[in-house]
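Numbers restart at 1 for each chain; the letters A, B, ... are given by sequence-line order, proteins then strands.
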There are 2 protein chains.
Amino acid sequence: MRIRTATDLGAFIRERRTTLGLDQISLAKKAGTSRKWLVEVEQGKPGAEIGLILRTLKSLEISIDLEADSSVATPPPGKPKAPDINSVLDSLKTRPLKKQI
Amino acid sequence: MRIRTATDLGAFIRERRTTLGLDQISLAKKAGTSRKWLVEVEQGKPGAEIGLILRTLKSLEISIDLEADSSVATPPPGKPKAPDINSVLDSLKTRPLKKQI
DNA sequence: CGAGATAGTAACCGAACGGTGACATATTGT
DNA sequence: ACAATATGTCACCGTTCGGTTACTATCTCG
């Protein structure tokens, strides 16, 4: 996926996370960060630095591409995980089942 | 170029900058940042946030690719710039003409 | 040699970040 | 209905970041 903004980055991370069947806590722990930070990134909040990076690359006309290494779900060898239909649906809906009022 | 560390990122930015015949001040101004920050990034100093981003993407097995949009030097239309042989040499040497002692 | 340009470095400082912990909301399963 | 899980949000706070402003070193050109 071509990344242009912090929102792009957040969307891609979230999509990949749900596809892998991970919750925010698990990923935060894996990455050595906090859930708060992950929430902000997934929402596209441009932290100071990432904003500067994106602007710099733009100034240099450099494009950023992110790619999930293995097609759909490739949990680290040894952890089958079996993300069933639910996680796939989640990744499609990003969680719009909220209230619908 | 496949980006794996902050050092990769810095090297790529610096290479692209010199290829375009820009000095740190010009790029910093273009990107809306400071020369200090640019120096640190080019040296591969992983700011807090970029480190987290890289770790997160790694945790999700996402790969990052950077690509200079136009082959060699494509200054924004209207600014020919004409980077002569010198900048090309610079990009090859990264500035090892220092002292050589 | 001297002037100019570019890059690396340092100290200072206000602002923003990132972590922690708690709470609210929403969805799922029993 | 209830508990459990997951996400979003908030306040607090220590740390670090990023900008500014010097100063130095190196290289180039006249």
Side-chain angles (χ1 to χ4, degrees), chain A residues 6-7 9-11 13-56 59 81 83-101, chain B residues 6-7 9-11 13-56 59 81 83-101:
Chain A
T7 303
L9 179 64
I13 288 179
R14 187 187 187 109
E15 184 180 315
R16 177 68 174 165
R17 176 176 63 79
T18 55
T19 298
L20 291 179
L22 293 173
D23 56 27
Q24 293 174 334
I25 293 183
S26 305
L27 177 54
K29 202 171 297 181
K30 263 186 103 165
T33 179
S34 67
R35 194 169 70 87
K36 178 205 178 200
W37 180 84
L38 195 51
V39 168
E40 290 172 345
V41 169
E42 289 190 355
Q43 288 175 343
K45 176 199 167 195
E49 195 175 27
I50 194 58
L52 292 178
I53 294 283
L54 291 174
R55 269 187 281 161
T56 301
S59 295
K81 286 299 275 180
D84 56 4
I85 190 66
N86 285 328
S87 55
V88 176
L89 289 178
D90 281 348
S91 73
L92 290 175
K93 308 201 238 169
T94 308
R95 212 146 196 276
L97 318 173
K98 281 190 166 186
K99 202 167 198 177
Q100 291 179 341
I101 300 185
Chain B
T7 303
L9 179 63
I13 288 179
R14 186 186 188 110
E15 185 182 314
R16 176 67 172 165
R17 176 176 63 79
T18 55
T19 298
L20 290 179
L22 293 173
D23 57 27
Q24 293 174 334
I25 293 182
S26 305
L27 176 55
K29 201 172 298 181
K30 263 187 102 163
T33 178
S34 68
R35 193 170 71 87
K36 178 206 179 197
W37 180 84
L38 197 50
V39 168
E40 291 172 346
V41 169
E42 289 190 354
Q43 288 175 343
K45 175 200 169 196
E49 196 175 27
I50 194 60
L52 292 179
I53 294 282
L54 291 175
R55 268 186 282 161
T56 300
S59 295
K81 285 299 273 181
D84 57 3
I85 190 66
N86 286 327
S87 55
V88 175
L89 290 177
D90 280 348
S91 74
L92 291 175
K93 310 200 237 171
T94 309
R95 211 145 197 277
L97 318 173
K98 281 189 165 189
K99 204 167 194 175
Q100 292 180 341
I101 296 186

* To do: Only counting residues at least two apart or in another chain, list the ones meeting side chain to side chain contact (heavy atoms under 4.5 Å, CB included) with B:Ala11.
  => none
* Structure fact -> When rounded to whole Å, the CD1 to C1' distance for the pair B:Ile50 and C:dA16 reads 17 Å
* What is the distance from CD1 of A:Ile25 to P of D:dA4, rounded to the nearest Å? -> 15 Å
* Structure fact -> From CD of A:Glu49 across to C1' of C:dG18 the rounded distance in Å is 13 Å
* Does the side chain of B:Arg17 get closer than 4.0 angstrom to OP1 or OP2 of C:dA7 through an N or O atom? -> yes
* **Of the listed nucleotides D:dG8, C:dA7, D:dC17, the one nearest the side chain of B:Lys45** => D:dC17
* Structure fact -> Atom CZ of A:Arg55 and atom C1' of D:dG18 are separated, to the nearest Å, by 11 Å
* Asked: For A:Gln43 and D:dT7, is the shortest distance between a side-chain N/O and OP1 or OP2 below 4.0 Å?
  -> no
* Taking for each residue the nucleotide of DNA chain D with the nearest heavy atom, is it B:Glu40 or A:Gln24 whose nucleotide lies nearer the 5' end? -> A:Gln24
* **A:Thr7: side chain to side chain donor-acceptor pair (under 3.5 Å) partners, not counting sequence neighbours** => none
* Ranges pairing with ranges for DNA chain C, where each run has three or more Watson-Crick or G-U pairs under 3.5 Å -> C:1-30 with D:1-30
* **Contacts of type side chain to side chain contact (heavy atoms under 4.5 Å, CB included), residue A:Glu40, not counting sequence neighbours** => A:Lys36, A:Lys45
* Asked: Rounded to the Å, how far apart are A:Leu27 CG and C:dG19 P?
  -> 12 Å
* D:dA6 phosphate, OP1 or OP2, under 4.0 Å from A:Arg14 side-chain N/O -> no
* To do: Take the protein atom CD1 of A:Ile53 and the nucleotide atom P of D:dC17, then report the distance between them rounded to whole Å.
  => 13 Å
* To do: State which residues pass side chain to side chain donor-acceptor pair (under 3.5 Å) with B:Arg35; sequence neighbours excluded, sorted by chain then number.
  => B:Gln24
* What is the minimum heavy-atom distance between B:Ser59 and A:Leu27, and which atoms define it? -> CB-CD1, 3.7 Å
Check the interface with nucleotides 19-23 of chain D: list each N/O to N/O pair with the protein under 3.5 Å, or write none.
| unit_1 | atom_1 | unit_2 | atom_2 | d |
| --- | --- | --- | --- | --- |
| D:dG19 | OP1 | B:Thr33 | OG1 | 3.2 |
| D:dG19 | OP2 | B:Thr33 | OG1 | 3.1 |
| D:dG19 | OP2 | B:Ser34 | N | 3.3 |
| D:dG19 | OP2 | B:Ser34 | OG | 2.5 |
| D:dG19 | O6 | B:Lys36 | NZ | 2.8 |

